[in-house]
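So the structure is just underneath, and the comments pick up after that.
Only heavy atoms go into these numbers, but all of them, side chains included; no hydrogens, no water, no symmetry mates.
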Amino acid sequence: MFKTGIVSVTFRQKSISEIIALSRESGLDAIEIGSDVHAPKENISLCADIAAEANKNNIEIVSYGSYYKLGQYADAAAEFSAYISAAKALGTKNIRIWAGVKNSEDVPEAEREKLTNEAIHCAELAADADMTMSFEYHGGTLTNTCESALRLMREIDRPNVHLYWQPNQNKDVEFNVTALKQVLPYVSNVHVFAWDARRGQCIRYPLADHADAWKRYLDILASDGRDRAMLLEFVKGDSTEQFIADAKP
């Protein structure tokens, strides 16, 4: 039901070969490959090489972690099509994208409509390539609240469009439990971390310190029986040793 994996941007300073090896040694199943450092969309041959190396190590590339952001391109179709080509070379069926660059409350209705229409066009391009796309569930975008994220999903209304999910580090567990229950029907993969920013500074913890919270989140995620990848991201101190500890069952 759950695959376990890593988001490659957790270790931007490591090579993708090192990250794949670390994933294998930690007993993980999956990886999300970031487009900013490890697999630039312009380097198709590198993407193909990464796919071959991951396959050799029995690591599934479950997503291409793109930095495509709605509303930022003169030719959005060409830009997104380039990400599709790179995702194909990586051998993955999912592209993660970003719902703009502003919080939902800062986006006028006319602008929001344009962003939604762009997302629909991207979804259609992805569907033509037999791919899905998933929005990062993140501040500074239209998915900064579960209400706005749900609205976006309903207005796009395409079966190949999903949300990622991650806890909001600025809120408590009860808030995050409620939010997850609301967006659950749209959730594909999950970014897993143990952060707390409620006291004005974002502090990272060993994942075990948030075990009770994650038990609740996992129970909710398991409730609909869908397959999802649980992807570790940004560990305490950017430490390899902490990552290995966090990856333990």
Side-chain angles (χ1 to χ4, degrees), residues 2-41 43 46-47 49-50 53-54 57 59-69 86 90 92 94-98 101 134-141 143-144 164-173 176 189-215 217-218 228-249:
F2 293 143
K3 300 181 180 76
T4 57
I6 183 175
V7 182
S8 77
V9 298
T10 298
F11 294 116
R12 284 188 171 98
Q13 74 278 16
K14 294 184 183 293
S15 71
I16 195 62
S17 294
E18 290 175 308
I19 295 171
I20 289 172
L22 181 60
S23 300
R24 185 195 66 234
E25 292 161 10
S26 300
L28 301 179
D29 312 304
I31 188 169
E32 176 181 284
I33 306 287
S35 70
D36 59 341
V37 173
H38 294 120
K41 67 182 186 300
N43 198 334
L46 173 61
C47 291
D49 289 343
I50 293 170
E53 185 167 4
N57 285 276
I59 301 292
E60 179 183 355
I61 301 176
V62 293
S63 184
Y64 186 31
S66 88
Y67 285 87
Y68 182 95
K69 299 180 180 182
L90 284 168
T92 187
N94 183 68
I95 303 173
R96 182 207 64 187
I97 74 169
W98 298 69
V101 295
S134 300
F135 284 99
E136 182 85 0
Y137 190 84
H138 206 281
T141 76
T143 61
N144 68 312
Y164 272 25
W165 187 80
Q166 61 191 38
N168 185 333
Q169 63 267 28
N170 297 293
K171 302 293 185 179
D172 63 17
V173 174
N176 284 308
N189 300 325
V190 175
H191 285 165
V192 177
F193 51 73
W195 300 358
D196 192 333
R198 288 175 292 166
R199 295 171 182 84
Q201 179 183 5
C202 188
I203 300 174
R204 299 182 190 180
Y205 295 89
L207 189 60
D209 286 13
H210 287 196
D212 290 344
W214 275 103
K215 173 64 165 60
Y217 303 150
L218 290 172
R228 295 181 171 96
M230 311 300 295
L231 301 167
L232 287 166
E233 182 180 47
F234 298 127
V235 300
K236 180 182 178 182
D238 296 323
S239 162
T240 300
E241 292 73 23
Q242 186 63 62
F243 173 80
I244 292 169
D246 286 354
K248 290 180 180 177

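The closest side-chain donor-acceptor pair between S17 and S15, if any, does not fall under 3.5 angstrom.
Formation of a donor-acceptor pair under 3.5 Å by the S26 side chain with backbone atoms of L28 is not found in this model. Using a distance-only test at 3.5 Å, with no hydrogens or angles considered, no donor-acceptor pair links the side chain of N176 to the main chain of P167. In this structure, T10 contributes its side chain and V7 its backbone to a donor-acceptor pair below 3.5 Å. With hydrogens and angles disregarded, no donor-acceptor distance shorter than 3.5 Å links the side chain of N57 to the backbone of I59. In this structure a side-chain-to-backbone donor-acceptor pair under 3.5 Å is missing from Y217 to V192. Put simply, the side chain of S66 never gets that close to the backbone of I95: no donor and acceptor are under 3.5 Å apart. Between the side chain of N43 and the backbone N or O of A39, no donor-acceptor pair lies under 3.5 Å.
When each of F234, F11, F193 is paired with F243, the ring pair (Phe, Tyr, Trp, His ring centres under 6.0 Å) condition holds for F11 and for no other. Y164 pairs in a side-chain hydrogen bond (donor to acceptor under 3.5 Å, both in side chains) with only one of the listed residues (H138, E32, E136), which is E32.
Salt bridge annotation for R12-D36: present, with a cationic side-chain nitrogen under 4.0 angstrom from a carboxylate oxygen.
In terms of heavy-atom proximity, A194 sits nearest to P206 at CB-O, 3.8 Å. The nearest pair of heavy atoms linking W214 to H191 is CH2-O, 3.7 Å.
Residue N168 holds its CG atom at 9.0 Å from CG of N144, rounded to the nearest 0.5 Å. In this structure, the separation between NZ on K248 and OG1 on T4 is 14.5 Å, given to the nearest 0.5 Å. Distance check: L90 CG to D49 CG gives 10.5 Å after rounding to the nearest 0.5 Å.
Both the sub-6.0 Å distance and the 45° axial angle are not jointly satisfied by R96 relative to the ring of Y68.
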